[in-house]
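Structure, as structure tokens:
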Amino acid sequence: MRVLVTGGAGFIGAHIVTTLIERGHEAVVLDALLPDAHAVAPVLPDAELLIGDVRDAEEVRAALRGVDAVCHQAAMVGLGKDFADAPAYVSCNDLGTAVLLAAMAEAGVRRLVLAGSMVVYGEGRYECPSDGLVRPGPREVADLAAGRFEPHCPACGSELVPGLVDEDAPVDPRNVYATTKLTQEHLAAAWARSTDGRAVSLRYHNVYGPGMPRDTPYAGVASFFRSALARGEAPRVFEDGAQRRDFVHVRDVAAANAVALEAVGDRPAGAFAAYNTGSGEPHTIGEMAGALAAAHGGPAPVVTGEFRLGDVRHVTADSARLRAELGWLPRVGFAEGMAEFARADQRASADGPRPAEGDVRVL
């Protein structure tokens, strides 16, 4: 199968390209090589690298020639700096997805795997001892400033017990990035219905591993901590460090994409499905920072009590559906993965990318 991987020179995309080639597929990469993620274009010796923007219809049409399926990873990620980033997020993520899907409809490409995100859920699953399953609203600034980080039952005010979120949970995006990721899914579902296409969204949980970008506000918390350690600084843990997340290794995410690409063609025409993609091992942010710092050799994390309004308290995945329906299993455990990541290289950002030698075309 010939697969176009948008954003395929990025952190997750490059691992997907490697996995696809290892499984006997042909990979074509379309990447804008934005300086937030790339100091230089990576060497992808067995893939064709096309330098172009997914928002440019002509460049996307050229990249789609001869393609059987698309793995759409190109996106602006992370919580960002502030709301001034909103136009850039909407442009990169939603306009880019719309341009890609329109070009796929025109080219007759009918198989899509989308990089989704757990952020579409907002807060995760909670149970109240008295009121059962509840959905707490956004946390109040006054509570966060006072160090009251845990959401409480909206009915009785009791403390809540966090649990695992499944794909049937209501969506509730609580920041700009989350909103754009949900919009991508809606666009993909509309495309599938109108073209008899087949689409899958993999809702990634906290992806980490070798090749994460460093020293950029547009990255995940694991990247922030690893960047601090590389500078000889202590990781700064916001709130009290007890926020629960599911940290999933990038090689496991790449394998999930490959499995989904191989299976998506067997789905009914017009179908869209979303799958949680997590390790199944919830850990706190503090535990992750501690494991990373210990494996790196320090310095130890510092819990600061700071907070960001767009953050949620707890969200962890139930990935049983992906395992049952597509046979995917994560292979890299938390301790092993963090020990590797503590020693792994990160990709630096730069003022502008330089194309690497090899099979590179600028569209």
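Just the heavy atoms: all of them, side chains too, but no hydrogens, waters or symmetry mates, feed the values below.
A 6.0 Å sphere centred on CG of D345 holds no more than 12 heavy atoms belonging to other residues, nucleotides or ligands. No more than 12 heavy atoms of other residues, nucleotides or ligands lie within 6.0 Å of CD in E140, so this atom counts as exposed by the packing criterion. Within 6.0 Å of the CD atom in E159, the count of heavy atoms belonging to other residues, nucleotides or ligands does not exceed 12.
Here the closest heavy-atom approach between residue A293 and residue P301 is recorded as CB-CD, 3.8 Å. Of all non-hydrogen atoms in D172 and R174, the two that sit nearest each other are OD2-NH2, 2.7 Å. Residues R61 and A103 come closest through the heavy atom pair CG-CB, 4.3 Å. Of all the heavy atoms in A9 and D31, the pair that sits closest is N-OD2, 3.0 Å. Taking all atoms of both residues into account, the shortest heavy-atom contact from A192 to R198 is CB-N, 4.5 Å.
In this structure, V54 and T97 have side chains that are not in contact, with every pair of non-hydrogen atoms separated by 4.5 Å or more. Between V29 and V17, some side-chain heavy-atom pair lies under the 4.5 Å cut-off. For the pair R245 and V312, the minimum side-chain heavy-atom distance is below 4.5 Å. By the 4.5 Å heavy-atom criterion applied to side chains, V113 and L202 are counted as neighbours.
Contact check on E239 versus R308 returns no salt bridge, with no Lys/Arg side-chain nitrogen under 4.0 Å from an Asp/Glu carboxylate oxygen. A salt bridge links E306 with R236; the closest basic N to acidic carboxylate O contact falls under 4.0 Å. Taking the charged nitrogens against the carboxylate oxygens, D318 and R323 have no contact shorter than 4.0 Å, which rules out a salt bridge. At a threshold of 4.0 Å, the pair E287-R244 does not count as salt-bridged, since none of the basic side-chain nitrogens sits closer than that to a carboxylate oxygen. In summary, R139 and E150 do not engage in a salt bridge, as defined by a charged side-chain N under 4.0 Å from a carboxylate O.
Ring geometry for F247 versus Y208: interplanar angle over 60°, hence perpendicular rather than tilted (30 to 60°).
A donor-acceptor contact under 3.5 angstrom links the side chains of Y121 and N276, judged on distance only.
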field: Worked verdict on D266 versus R111 for salt bridge (charged side-chain N to carboxylate O under 4.0 Å, His left out)
entry: CA-CA 10 Å; D266 296 329; R111 286 180 279 183; over 6 Å; no
